[in-house]
There are 2 protein chains.
Amino acid sequence: MTIETLNRKDQINQVAQNLFRERGYAATSMRDLAKAIGIEAASLYSHIKSKEELLQNICFRIANEFFDEYDRVQNGTTDPKLRFRHAVTAHTRVVASNLDASSVFFNEWRHLNEPSLTEFKKQRADYEERFKALLKEGIETGVFRQVQVSFAMRLVFSTLNGIPTWYRPDGALSPDQIAEQIADFLLEGLLNK
Amino acid sequence: MTIETLNRKDQINQVAQNLFRERGYAATSMRDLAKAIGIEAASLYSHIKSKEELLQNICFRIANEFFDEYDRVQNGTTDPKLRFRHAVTAHTRVVASNLDASSVFFNEWRHLNEPSLTEFKKQRADYEERFKALLKEGIETGVFRQVQVSFAMRLVFSTLNGIPTWYRPDGALSPDQIAEQIADFLLEGLLNK
DNA sequence: CCTACCGATCGGTAGG
DNA sequence: CCTACCGATCGGTAGG
């Protein structure tokens with residue numbers, strides 16, 4: 001594999017991320033993708049195997065980033081409040097640094113075929129369990145209120161996974177800044193107490 | 001228009017809501033829809049004008065429900081904290097009572113064509129402004145913390161609009177119960193203070 | 001990376 | 001509500 005085809009392959013993946021996010025996977029044709037790159041649709045298949053392979057690459061790459069970043073920030077931290085805060089900022093960092101790909105991860109995974117679909121759901125459930133464990137830890141140590149763990153986990157992820165719907169990297173807030181503010185919001189709420 | 005075709009039309013709209021939610025608008029064919037009902041695809045067009053008309057009906061019906069329910073609960077309330085709480089519970093009630101349709105409203109609106117697309121965005125922006133006004137009111141009266149209004153509004157809607165991803169009506173919590181708990185979560189946060 | 005092409009499927013219409 | 005059908009477009013392959 002030459003350097004030229006490697007670069008072209010990266011370009012295909014990047015443009016696919018953007019189109020899948022903007023129009024949705026099903027509404028994006030391979031001809032749309034080829035046109036955005038400037039080649040013929042048939043030429044795409046010199047670099048990739050199928051349309052679904054593009055979706056798989058996006059979904060599992062982001063899944064890996066979530067796990068890697070989580071492990072990185074949890075390493076050595078024991079304080080429940082800080083552990084939760086680090087998990088939130090790690091997740092936010094991955095989302096804010098991969099807006100196209102994370103949007104596809106959140107919204108287009110249902111178009112995966114088996115066995116990828118089952119594997120995807122499994123990894124997502126494993127990741128969610130990590131956040132549930134953090135919430136449980138915080139409640140048992142009295143740091144968090146007596147919330148229902150599964151319910152709180154869903155609300156936390158709703159907040160975090162909604163980031164691509166409004167965050168613009170050219171805006172006033174950097175990824176680290178929104179990560180801090182989202183953590184504050186989840187921990188403190190809106191009330192002035 | 002006979003009673004039979006009216007019922008059939010309602011049935012088409014209801015099944016379309018469900019399929020558009022489960023598979024996405026673009027990935028749902030008119031043949032899928034017809035098959036789920038038990039008629040031929042061509043027969044759908046005795047009751048509806050086009051596939052997009054189905055999407056328009058869903059999106060604008062839900063938009064109207066959001067406005068109507070908001071107006072209903074705000075009527076007469078002046079306390080900032082209560083006004084916000086009522087807005088959250090009203091929104092949650094509409095979502096939890098229309099899980100299929102509200103999912104389509106949140107995720108499939110981009111498939112609307114002009115001029116519906118512009119009209120949809122306008123109505124959504126108007127609705128969001130109402131929540132921003134409530135947040136601003138709460139901050140100015142010292143009830144809420146000094147959060148950035150636009151940012152807080154986005155986080156609130158992320159939480160509320162994520163409901164269809166996890167809420168199951170056959171679960172332990174009723175729509176009114178989750179509405180209360182979500183309002184608590186948004187106001188109080190996670191910390192045990 | 002292209003031209004040429006494949007069978008399948010799409011939203012929708014004509015006519016009854 | 002059906003049969004029969006339309007032109008357009010889909011993901012992908014053969015062969016160079």
Side-chain angles (χ1 to χ4, degrees), chain A residues 1-59 104 108-117, chain B residues 1-59 104 108-117:
Chain A
M1 193 177 283
T2 68
I3 289 173
E4 282 78 13
T5 56
L6 250 181
N7 286 346
R8 184 62 100 183
K9 193 169 182 174
D10 288 345
Q11 185 188 14
I12 292 170
N13 276 295
Q14 199 177 326
V15 175
Q17 279 172 25
N18 184 252
L19 291 180
F20 290 171
R21 177 195 184 181
E22 298 299 335
R23 309 179 190 181
Y25 177 78
T28 303
S29 73
M30 297 305 274
R31 283 158 181 84
D32 292 336
L33 177 56
K35 195 173 184 182
I37 292 169
I39 60 176
E40 293 298 318
S43 306
L44 291 168
Y45 294 90
S46 305
H47 306 281
I48 62 165
K49 271 175 26 196
S50 65
K51 185 184 180 185
E52 203 211 335
E53 186 195 51
L54 292 170
L55 182 61
Q56 287 173 17
N57 286 344
I58 296 166
C59 290
V104 174
E108 307 298 330
W109 58 267
R110 61 183 161 177
H111 298 292
L112 289 170
N113 293 322
E114 297 294 356
S116 295
L117 182 59
Chain B
M1 191 177 280
T2 67
I3 289 173
E4 283 77 14
T5 56
L6 249 181
N7 286 346
R8 183 63 100 184
K9 193 169 183 175
D10 289 344
Q11 185 188 16
I12 292 169
N13 276 295
Q14 199 178 326
V15 175
Q17 279 173 24
N18 184 251
L19 291 181
F20 290 171
R21 178 194 183 180
E22 297 300 335
R23 309 180 189 179
Y25 176 77
T28 302
S29 72
M30 296 305 272
R31 284 158 180 84
D32 292 336
L33 178 56
K35 194 173 184 182
I37 292 169
I39 60 176
E40 293 299 317
S43 307
L44 291 169
Y45 294 90
S46 305
H47 306 281
I48 62 164
K49 269 173 29 196
S50 65
K51 185 184 180 184
E52 203 213 334
E53 186 195 52
L54 292 169
L55 182 62
Q56 287 173 18
N57 286 344
I58 296 166
C59 290
V104 174
E108 308 298 331
W109 58 268
R110 62 183 161 178
H111 298 291
L112 290 169
N113 293 321
E114 297 294 356
S116 295
L117 182 59

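Reminder, nothing fancy here: chain letters follow the sequence lines and each chain counts from 1.
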So if I define the base as every atom that isn't primed, P, OP1 or OP2, how would nucleotides 4-16 of chain D read as a B/S/- string at a heavy-atom cutoff under 4.0 Å? B-----BBBB---
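As rounded to whole Å, 15 Å separates atom C1' of D:dC2 from atom CD1 of B:Ile37. Between B:Lys35 atom NZ and D:dC2 atom P the separation is 14 Å, expressed in whole Å.
Partners of A:Thr28 under the side chain to side chain donor-acceptor pair (under 3.5 Å) rule, at least two apart in sequence or in another chain, do not exist in this structure. A:Phe20 pairs by the ring pair (Phe, Tyr, Trp, His ring centres under 6.0 Å) definition with A:Tyr25, not counting sequence neighbours. In terms of the side chain to side chain donor-acceptor pair (under 3.5 Å) criterion, residue partners of B:Asn18 (sequence neighbours excluded) are, by chain and number, B:Asp100. Scored by the side chain to side chain contact (heavy atoms under 4.5 Å, CB included) test, B:Ala42 finds no partners at all (sequence neighbours excluded).
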Taking Watson-Crick (N1-N3 plus N6-O4 or O6-N4) and G-U wobble (N1-O2, O6-N3), each under 3.5 Å, can you produce the dot-bracket string of DNA chain D? Use [ ] for crossing pairs and | for inter-strand ones. ||||||||||||||||
Report the C-alpha separation of B:Asn57 and B:Lys9 in whole Å, then their side-chain angles, then the decisive distance to 0.1 Å, and conclude whether the side-chain contact (heavy atoms from CB on, under 4.5 Å) test is met. CA-CA 12 Å; B:Asn57 286 344; B:Lys9 193 169 183 175; 5.6 Å; no
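Counting only residues at least two apart or on different chains, the salt bridge (charged side-chain N to carboxylate O under 4.0 Å, His left out) pairs with a member in residues 29-54 of chain B are B:Arg23-B:Asp32.
Residue side chain B:Ser43 does not reach the base of D:dC2 through any donor-acceptor N/O pair under 3.5 Å, judged by distance alone.
Other residues, nucleotides and ligands contribute over 12 non-hydrogen atoms within 6.0 Å of the CD atom of A:Glu22.
Put simply, the side chain of B:Ile58 does not reach to within 4.5 Å of the side chain of B:Glu108, judged on heavy atoms.
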